[in-house]
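Because the structure is a prediction, the values reported are computed rather than measured. Basis for what follows: all heavy atoms, side chains included, without hydrogens, waters or symmetry-related copies.
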Amino acid sequence: MKLKICSFVLIAILLVTPVMAQTQTFGDVPTTHFAFSAINWVSNPANGAFMVGDAGNNFHPARHLNKFEAAQIYAMAAGFRHVTHGLPEEERAVFARSMEQWRPFLDTMANDFSSWNRTVDREIAFLLYRGILTMAEVQGFVTRQGTVEARPLLTRQQAVAWMVRLVGQAAQAGAVTLPHPTPFRDDAQIAEGFLRYVYHARELGIIQGTGGYMNPVAHFTRAEMATVFHNALNQDATPTAETPAAVPLVSAGTPSTISGTISNVHHDTYVSITTTAGTETFSIANNAVIMIDNTQSIVTALQNGMSATALVNPSRQVISLVARTQTPGQAASAAPAPTLYADEGFVTAVTAAPAQSVTIRTQRVRITGQIIDEERVFSFAPNAVITRGGTVVNFENIQVGDIAFFGFSQTAIHTIELMERERTLVGTLTEVRPPEANNPLILTLEEDGGRVYELRALPATEFSRGTSTDLNWDDLRIGDTLTAEVEFDRIVRVHAVGERSNVDGRLNELRITERNTEITVAQENGAVSTFIIRPGVTDVYTLRIGMQLRIALDSREVTSLQVRNLAQTQPSIVLGFIQSIRADGSIVVAESTAAAARTHTLTIPANTTITRGGATISANNLRANMNVYVVLTSPGATSASSITVLP
């Protein structure tokens, strides 16, 4: 899928997409639905299927999205993949680095909030790494009032900011001049941090507003979100037009803006606002959005004396309210700390005069997957912290050729960590990527603290393990403890220490990859462990979930494997590709593991679990030529218990 930044419209209430002659995909999205074509497009596997329905074949077009749900969609649209082993090495590195870099922050969020959704950590880390999300925004994924936690819904202004960053226009948005000469009528409702994004989005054609209103704190439905992504990412899409007569948010008529000071809050149903014209009391709509100091909150958190700007409909209901704890007479608070973005690269130039600066060569991944090398010149912010090997050093200590991990805002570096030219790393070997074509051997080492290094081995690299020397990289084992002497990211010599052991247990999971196979085994003592079966150890296609195994290990790699009790095996499986889909909904799977070509015609009962990339999909998402792993309801059966779509 090729990204094309095209002009499209985010309207406040109703989005109109031309209905094409297509088959109805979801039971709750008829062909007459305004977002019918868009929903079909975003759920099509050929386009990435970054928005899908549930197991009951429903899309839920009217449902709003909380920020975790929205993050999953934005990440998939930006190129996130749950399964990465089939990707080029450069792209795989992005996923590893993003999670490594943001794991401590996400761990903190999960520890602070019991409602934190850990299953979305990888997507959030990817969006943070790509600069589509900021730490401050992620900190608002869960809110707490007293002991009550909530997952706020994504607002329109937040969605616009994420979209502007997604299409690579964050820098251009930052250059927008404020105040804008053609403001929205509800400008006061737009949080200051989103103003430039909103106006740049309008200049790009991303939004136009309705009747001069932005409605920034209203929420997207899933159908509206599908339409936005369809228009943004589908290079053949025709931009949607705004509804000529837009439907008001709550009732007929034009909302009005009331600015003043909160003089009374009546439980969670009424609020009194004092203006120069006097004091007025308004009821509060059930779905009203409350923002306090740019953070989404609840009605009962409002306090007397707060300055407030409310959007009120003709029925005198508050449909959104932005409040600030600082009253007009107070001194302005200190400027907020800048949002820092993280990157890494090689120092290619150091300039001391007339001002201190460094030139750093970095790589970045575009939304379409290309790896782009670029050199950027950075100045140093006041009080910038420079470290080498964990020790604070002076600017003069920076050298050409240093590897730099740095935090920056615009073109100013605030923190920079320089990698020692020569150092010793100790950790666990977690991955070996053999040399291929012009790509060198890569060893992935994880320190006890969780930091991960990808290290390149050279032809002159010395390998040893245990008491043996003059070895090859193929003598190392996943799970070995490594002591590596490195220069930058190149390995000079490495010594491995491993341990042989035996394990008995039940096969819980089997994952076949291009290089090797991973098995997850539940041992009798309750421990669940994952091991690596390298090619040639056993015929992995004869293994079945539920088999009782006796395994000999060298570190975490299987050196031999025996099946202890075939009678305890679970239902048979079919591994192959979908040859065709029949009119009655059954699928024909051509088996890829049999010596002779065999096909199986399999029915899909309503309770069949179907997953793709870790997400549950419906049978309507299955397509011919998909690689699938099918567990049958019983040995020799012709119906599927579960279907996993493989990369």
Side-chain angles (χ1 to χ4, degrees), residues 25 43-57 72 75-76 80-87 92 95 119-120 122-123 506-522 528-533 539-547 549 569-582 585-594 598-647:
T25 302
S43 62
N44 189 337
N47 302 321
F50 50 86
M51 292 188 74
V52 296
D54 61 17
N57 197 36
Q72 289 179 302
M76 293 295 290
F80 176 82
R81 297 291 180 267
H82 289 94
V83 180
T84 62
H85 67 264
L87 298 177
R92 293 180 62 192
F95 296 103
T119 63
V120 192
R122 292 181 62 210
E123 289 95 324
R506 178 185 183 277
L507 180 59
N508 275 6
E509 189 175 358
L510 173 71
R511 294 185 295 277
I512 301 173
T513 68
E514 294 177 353
R515 294 197 179 96
N516 49 45
T517 297
E518 294 183 0
I519 58 173
T520 300
V521 176
V528 178
S529 305
T530 300
F531 307 118
I532 306 296
I533 302 180
D539 183 0
V540 297
Y541 294 108
T542 64
L543 299 178
R544 298 292 184 266
I545 303 301
M547 282 182 169
L549 305 179
T569 59
Q570 294 296 306
S572 302
I573 63 101
V574 175
L575 181 66
F577 66 92
I578 299 176
Q579 193 175 74
S580 62
I581 300 177
R582 297 164 61 107
S586 61
I587 59 176
V588 179
V589 178
E591 192 172 358
S592 59
T593 60
R598 293 190 300 180
T599 60
H600 304 261
T601 300
L602 306 175
T603 60
I604 305 175
N607 61 350
T608 301
T609 301
I610 308 174
T611 58
R612 181 175 187 264
T616 300
I617 62 175
S618 71
N620 289 327
N621 294 114
L622 296 177
R623 299 290 185 272
N625 297 318
M626 279 185 170
N627 294 316
V628 291
Y629 181 94
V630 184
V631 178
L632 305 179
T633 53
S634 62
T638 59
S639 58
S641 173
S642 68
I643 302 174
T644 302
V645 179
L646 302 175

For [X], enumerate each residue passing the side-chain contact (heavy atoms from CB on, under 4.5 Å) test, keeping only those at least two apart in sequence or located in another chain.
{"X": "Q579", "answer": "F577, V588, A590, T599"}
{"X": "T608", "answer": "I604, P605, I610, A640, I643"}
{"X": "Q72", "answer": "V120, E123"}
{"X": "L602", "answer": "I587, V589, H600, V630, L632"}

What are the two closest heavy atoms between [X] and [Y], and how far apart are they?
{"X": "T25", "Y": "N620", "value": "O-ND2, 3.0 Å"}
{"X": "E509", "Y": "I545", "value": "CA-CD1, 3.8 Å"}
{"X": "S641", "Y": "T633", "value": "N-CG2, 3.8 Å"}
{"X": "R511", "Y": "T530", "value": "NH2-CG2, 3.5 Å"}
{"X": "V645", "Y": "M626", "value": "CG1-SD, 3.8 Å"}

>> What I'd like to find out is whether the side chain of L543 reaches to under 4.5 Å of the side chain of I533, using heavy atoms alone.
In response: yes
Run the side-chain hydrogen bond (donor to acceptor under 3.5 Å, both in side chains) test against [X] and tell me which residues pass, sequence neighbours left out.
{"X": "N44", "result": "none"}
{"X": "T603", "result": "none"}
{"X": "T601", "result": "none"}
{"X": "T638", "result": "none"}

>> Is it the case that the side chains of N508 and R506 hold a donor-acceptor pair, with the cut-off being a distance below 3.5 Å and no angle test?
In response: yes
> Atom CZ of R122 and atom CZ of F80: how far apart are they, to the nearest 0.5 Å?
Replying inline: 4.0 Å
> How far apart are the C-alpha atoms of R612 and L622, what are their side-chain angles, what is the distance that settles it, and do they pass the side-chain contact (heavy atoms from CB on, under 4.5 Å) test?
Replying inline: CA-CA 10 Å; R612 181 175 187 264; L622 296 177; over 6 Å; no
